[in-house]
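Here is the structure we will look at.
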Amino acid sequence: MRRKTQNLNKTNLKKLNSMAHLKSFPSKIKSISSDYQDLNIFIKDFENFISTELKVPSKDLSTQDKIFEGIINRLDFLNDYKNITLRIYLESQKKPKYFLNLSKNINNYFNLFLNSQAEKIISNIIYLYAFNVWIEDNNSMDKTMASIGNAFDNINKVKSFIRKR
C-alpha cells in the first residue's frame, strides 16, 4: 500500500531538477521513494506538490484575466522545476496515461477559479499553446505572456465574427 506522506519538497525537487535530463533520472527518483518506480506516481506527487504551492487568481478578475493569471502563475512556478517538467512532458508523449494524469491535474487547477465549461476549454487550449512557447522561453516569460495575449486576441476576433453572423 502506498504511503500517504508527501515525498516531494522544494529541496529534493531542486536536486532532481538538475538531474532530470540524465538517463539516471528514473533511479534518482526511486531513491526518494520506491513508489516512483512507476513514473505515474511521481507525476501525481509532483502535481500534488504544485497544487499545494500554486496561487489561484483572484475571483474579482475578469474571466480573461483569471485565465491569463492562472496560466502565468502555473508556468512561473514551474520555472523552478523546468527540467523535471520537460522530462514529464517528453515521457507523457510516449505514454498516454501520463498525459491523462497531467491533463486531470491541470483541469483541477482551472476548476478552482473558472466556472463554465467553455472557460475551462479555452483555458486548456491556451495553456497548451503557452506551454509550448514556455518550453523555449527564458525566466522572464515575455514570449509566453505575449503568446497568451495573442491567443486571446484571436479568440476575441472569432467571437466577434460569430456574433456578426
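Checking side-chain atoms of Y109 against main-chain N and O of G70 turns up a donor-acceptor pair under 3.5 Å. Counting only distance, with no hydrogens or angles, the side chain of K82 and the backbone of W134 share a donor-acceptor pair below 3.5 Å. Although no hydrogens or angles enter the test, the distance criterion places no donor-acceptor pair under 3.5 Å between the side chain of N7 and the main chain of S33.
Under the 4.5 Å side-chain heavy-atom criterion for Ile, Leu, Val, Met, Phe, Trp and Tyr, I88 and I41 are members of the same hydrophobic cluster. L22 and L16 fall into different hydrophobic clusters, where Ile, Leu, Val, Met, Phe, Trp and Tyr residues are linked whenever their side-chain heavy atoms come under 4.5 Å apart, directly or through other members. Under the 4.5 Å side-chain heavy-atom criterion for grouping Ile, Leu, Val, Met, Phe, Trp and Tyr, V56 is connected to I72 within one hydrophobic cluster. When hydrophobic clusters are built by joining Ile, Leu, Val, Met, Phe, Trp and Tyr residues whose side-chain heavy atoms come closer than 4.5 Å, directly or via intermediates, F77 is grouped together with L102.
The environment of Q93 atom CD is dense: over 12 non-hydrogen atoms of other residues, nucleotides or ligands sit within 6.0 angstrom.
Among F46, F131, F99, the single residue meeting the ring pair (Phe, Tyr, Trp, His ring centres under 6.0 Å) criterion with Y89 is F131.
Residues K66 and P57 share a closest heavy-atom pair of O-CG, 3.4 Å. The two residues F49 and L8 make their nearest non-hydrogen contact at CD1-O, 3.9 Å. The shortest heavy-atom contact between P26 and K23 is CD-O, 3.1 Å.
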- I would like to know whether K10 and E53 meet salt bridge (Lys or Arg N to Asp or Glu O under 4.0 Å); could you show each step before the answer? CA-CA 10 Å; K10 289 180 183 182; E53 300 282 324; 3.6 Å; yes
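Ion pairing between a basic and an acidic side chain is recognised when a charged N comes within 4.0 Å of a carboxylate O; E47 and K44 show no such pairing. The existence of a salt bridge linking E91 and R87 is confirmed by a sub-4.0 Å separation between a basic side-chain nitrogen and an acidic carboxylate oxygen.
A cation-pi arrangement is present between K14 and Y81, with the terminal nitrogen or guanidinium carbon under 6.0 Å from the aromatic centre and inside a 45° cone about the axis.
A distance of 7.0 Å separates CG of L13 from CD1 of I32, quoted to the nearest 0.5 Å.
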